[in-house]
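Quick notes on the structure that follows.
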Amino acid sequence: MSSGPRFRFAPSPTGSFHVGGARTALHNWALARRLGGTFVLRIEDTDEARNRPEWTEGIIDALAWIGISADDPHFEGPHFQSGHADAHVAAAQRLHESGAAYYCDLTGQQVQDRAKELGITGYDGYSRDRGLEAGPGRVLRFRVPEGHTVVRDAVRGDVDFDNSTIEDFVLLRGNGTPMFLLANVVDDIEMQISDVVRAEEHLPNTPKQQMLWEALGHDAPRWAHVPVLVNEQRKKLSKRRDKVALESYRDEGILADAMVNYLMTLGWTPPRSEELGSEIFTWSELEDEFRLEDVTLSPAFFDVKKLVAFNKQYIKNMPIAAFLDAVDSELPDGWDRARFAAIAPHIVERLERLGDAPGVVDFLFLPDGTDPEIDAASWDKATKPEWSAALLSDVIEAYGSLDTDSWSTDVLKTTMEDLMGRYEIKLGKAQALPRVAVTGRSVGPPLFEALEVLGQAETVRRLQVAATILRSDAATD
Ligand code: GLU
């Protein structure tokens, strides 16, 4: 075991893996690695009604996808909380024996009725001095001491809780099973966790957990509560309202590096970003620079548009071989990979997601002799100028008579430039109709590069089909 600090990530496998969880995991991972410590993965699977094994697998896969690999020497686990129930109960018994906890036989309803009668909220400490022993239906409650609990938080500084606002909370349910607060602390103690870095929503639990650490004879860990992620309406991201599952972003073609960079820079800016004038960082830069003290206190807006913009940058900057590898699963099985590789360098700049690639180049993969589907609005616009039919027949003539060996991007471009002179138009205008004729659309990859890949015979054939349609349109007008 490494002698460095011990961090942990302790998800409950009760649904698909949330982007907020991924961010917490990355924070812990960055710190454990930079400080030469350990990242402990603990699956908090004690809620039997809500846990499913496939969700645990989903967490491990998702962590691996964002670079938190179980093979890394800093990684420990997974540990499963359900395997430690005996330790949780034993700790509860020790607390009972020392007087730090006591049994109470009131039902939930009775607690509520008393609170109403007394005009208070929560539990009033009714059984504190009744000396009850364990028994069916009896819950074990922690005896919250008087005074204040100060939580030292690396993100928020000291947070002072008045213990009089904290009720004697339940450690063991009436059926003897441990509550989250207890199980989480006992596991952290057993796993010698030194640093608890987690989402802000757990801050209200922290004074209670700190009291438990102390009552069990240990110094509390260093705490850090990182602000939650919110949506455009500044509401906490929720499974019902927002797309929060990490794998849904993976499945739609967001790259892991883009996701990691984006999540890490939510609510935190690497100090060097100003100097570098960039928001794009490698993992090792992020890991070197991440400090909890620099995380902002306000909730961070999880902006899908910005994530997509990051992704676009990453796709553009990928070595082409890596791009071909990553995009492969997005391409239809029958597509000629060599043909795709020929056009790939010319499309990477325009892709927001890997999954956009097939739609951008599909016109190159129609069986020879198949006409692309022509977008009507693009066609109307491209055929409007009165010179369009004449230019098209000039292009057919010029491209058709090129030597097959000279069929290349450069020659196609200069040939078109020569023709433009006759019509006194710019290249963009001259390309419009050939582009629609060959690709079916008015936007797409650079035209001459695409024509080179498509080849002379099929290019000229599609241009001729367009010329025929134009003539028949003219005849019926
Ligand atoms: N299982 C808890 C959760 O997923 C863990 C909280 C913690 O990190 O302490 O919210």
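One-based numbering along the sequence shown. As the structure lists them, so they are numbered: ligands from 1, and atoms in each ligand from 1.
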Review point. In Å and rounded to the nearest 0.5 Å, what is the CG to OG1 distance from D362 to T439?
Key: 9.0 Å

Give me the residue, atom name and distance of the protein heavy atom closest to [atom].
atom: atom 10 (O) of ligand 1; result: H202 NE2, 2.8 Å
atom: atom 5 (C) of ligand 1; result: A10 O, 3.1 Å
atom: atom 8 (O) of ligand 1; result: R8 NH1, 2.8 Å

Check your understanding: Salt bridge or not for R8 and D188, using N-O below 4.0 Å?
Key ->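 So R8 pairs with D188 through a salt bridge.
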
Check your understanding: Are Q209 and ligand 1 in contact, using a heavy-atom cut-off of under 4.0 Å?
Key -> no

Practice item. Could you tell me if any non-hydrogen atom of F180 lies under 4.0 Å from any atom of ligand 1? Key: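 A heavy atom of F180 does come that close to ligand 1.
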
Practice item. Measure centre to centre between the rings of Y249 and F302, then say whether the value is under 6.0 Å. Key: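 Distance test on ring centres: under 6.0 Å, yes.
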
Point to revise | Ring centre gap for H96 and Y103 strictly below 6.0 Å | key: yes

Practice item. Check R141, R128, K208 against D168 for a salt bridge (charged side-chain N to carboxylate O under 4.0 Å, His left out) and give me the one that passes. Key: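 The residue from R141, R128, K208 that satisfies salt bridge (charged side-chain N to carboxylate O under 4.0 Å, His left out) with D168 turns out to be R128.
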
Review point. Do ligand 1 and E201 have nitrogen or oxygen atoms that lie under 3.5 Å from each other?
Key: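 No; every N/O pair is 3.5 Å or more apart.
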
Revision key, fill the gap. One finds that the ligand 1 atoms under 4.0 Å from a non-hydrogen atom of R198 are 7 (C), 8 (O), 9 (O)

Review point. For atom CD of Q110, is the number of surrounding heavy atoms from other residues, nucleotides or ligands below 6.0 Å larger than 12?
Key: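 Result for CD/Q110: enclosed.
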
